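Structure first, commentary second.
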There are 2 protein chains.
Amino acid sequence: MTDKDVRTRVVEAADRLFYGHGIGRVGMDAVRDAAGASLKAIYREFPSKEDLVIAVLEHRHQLWTSGLESAMAGIAEPRERLLAVYDYLADWFDEDDFRGCGFINAFAELGADSTRVAEAVRDHKASFQRYVDALVGEIGAPTSLGPQLAILAEGAQTSAAISGAPDAALSARAAAEVLIDVAMAGRTDHR
Amino acid sequence: MTDKDVRTRVVEAADRLFYGHGIGRVGMDAVRDAAGASLKAIYREFPSKEDLVIAVLEHRHQLWTSGLESAMAGIAEPRERLLAVYDYLADWFDEDDFRGCGFINAFAELGADSTRVAEAVRDHKASFQRYVDALVGEIGAPTSLGPQLAILAEGAQTSAAISGAPDAALSARAAAEVLIDVAMAGRTDHR
DNA sequence: CTACGTAGAGAACGAACGTTCTCCGCGCGG
DNA sequence: CCGCGCGGAGAACGTTCGTTCTCTACGTAG
């Protein structure tokens, strides 16, 4: 229980609670109980709840990024790497505590009033967009494909969260395949 | 100010406030002030805040549906009607108080704990899905196209909300065009 | 005119929350 | 062995919120 330092325990506990019930519905007392830390220790590490939220979003960003990388481990072809994004989503949607994209949820809840939260969410999405854009660049597809693939990933997450049907990832993957292939075929292909 | 009945005024005011700031961050006092009604009158119409939220979501569903219909008014071709969905989104994203899909926002905030809200959001999304599916059926495209087009619409909304860039609608429209055309071409087309 | 039912304005209440404070026990330097 | 500072547990505080209650004004029936 006390094998990790306070900061890590608090962030991980808060992440689980915030993601599961929404940020506004989880009090600092619940975080304290789940993290096994004192309120004093929490507030020493995070001056306010908003700071904790930001730290949680950063932690979630790390998880997402490393998860995505390991999902692509061993895949060399950029086209296959792009499609692996949707397989990664499919695995995620199947977890029984899946409740949509934590960033979108945080943005929906606090984005209007907290500039810092809005910025953290924007950063995360922009980082993913850059990642996709880079892969799109590698296969030589037009840059307009990047946003389209990102929108598919985005939409699959909320679709799966709301309907509870994880096969939104499969639909998104199939659509991505079509978009990629058409983009490649339509490219000025004087080899 | 008192030209409409209390119920309508309350729902419209609450809708504006909830959508603009998030449901949890708007108190009943703010609704009372904005609607120009007494708390007593509000609670006579809506036994609890949750009931008001449900009524607001239903009202928003009406707005969305009628807006979509009028966006398609005069368009006969099912293919063009499908694409008009994304034009409708584009117009919406351009409004300066656009803050994402109110249903997704409500779901992110309350879906985990309020079954009624979760259900209302699911109903709305299912209704849109049926609408798209019907148009997909009319052009004789495979049913798998329906979810793909809905995911694009979904993703465009959150993308535009977070990045603040309304051109997500254009990306989604372009992607939809490709998906539709490929689906039509790939159809067992022995005429 | 008078009694009564109704509606509005806003005070009041209890709960929950974010944040701070108090108190106590424990470990360490002398 | 004795102070002393630090950390934890949780009480406390001020605010906000959902909901209810009180009080007053008013329209209407008789």
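The structure displayed is predicted, hence computed values, not measured ones. So you know, we letter chains A, B, ... as the sequences are listed, proteins then strands, and number each from 1.
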query: What pairs with B:Y43 under ring pair (Phe, Tyr, Trp, His ring centres under 6.0 Å), at least two apart in sequence or on another chain?
result: none
message: Using a heavy-atom cut-off of 4.0 Å across all strands, would you classify A:R32 as base, sugar-phosphate, or nothing?
response: base
Aromatic contact, A:W64 with A:F128 (centres under 6.0 Å): yes
message: For B:D167, give me all partners under salt bridge (charged side-chain N to carboxylate O under 4.0 Å, His left out), at least two apart in sequence or on another chain.
response: none
message: Tell me which pairs pass salt bridge (Lys or Arg N to Asp or Glu O under 4.0 Å) where either residue lies in residues 48-65 of chain A, with sequence neighbours left out.
response: A:D15-A:R60, A:E50-A:R116, A:D51-A:R116
- line: Sequence neighbours excluded, the answer for salt bridge (charged side-chain N to carboxylate O under 4.0 Å, His left out) partners of A:E109 is none
message: With each end axis built from five pairs of C1' atoms, what bend angle do you get for the helix from C:dC1-D:dG30 to C:dG30-D:dC1? Round to 10°.
response: 30°
- prompt: Near DNA chain C, under 4.0 Å by heavy atom, which residues of residues 104-116 of chain B?
  reply: none
task: Applying ring pair (Phe, Tyr, Trp, His ring centres under 6.0 Å), name anything that partners A:F93, two or more places apart in sequence or on another chain.
output: A:F98
Pairs satisfying salt bridge (Lys or Arg N to Asp or Glu O under 4.0 Å), at least one member in residues 71-95 of chain A, at least two apart: A:R79-A:E177, A:R79-A:D181, A:D87-A:R173
- request: State which residues pass salt bridge (charged side-chain N to carboxylate O under 4.0 Å, His left out) with B:E12; sequence neighbours excluded, sorted by chain then number.
  value: B:K4
message: Base contacts versus sugar-phosphate-only contacts with protein, heavy atoms under 4.0 Å: please encode nucleotides 15-21 of chain D as B, S and - from 5' to 3'.
response: ---SBB-
field: Under the salt bridge (charged side-chain N to carboxylate O under 4.0 Å, His left out) test, residues paired with B:R25 that sit two or more places apart
entry: A:D113
- request: Determine which pairs satisfy salt bridge (Lys or Arg N to Asp or Glu O under 4.0 Å) with at least one residue from residues 129-158 of chain B, sequence neighbours left out, and list them in order.
  value: B:K125-B:E154
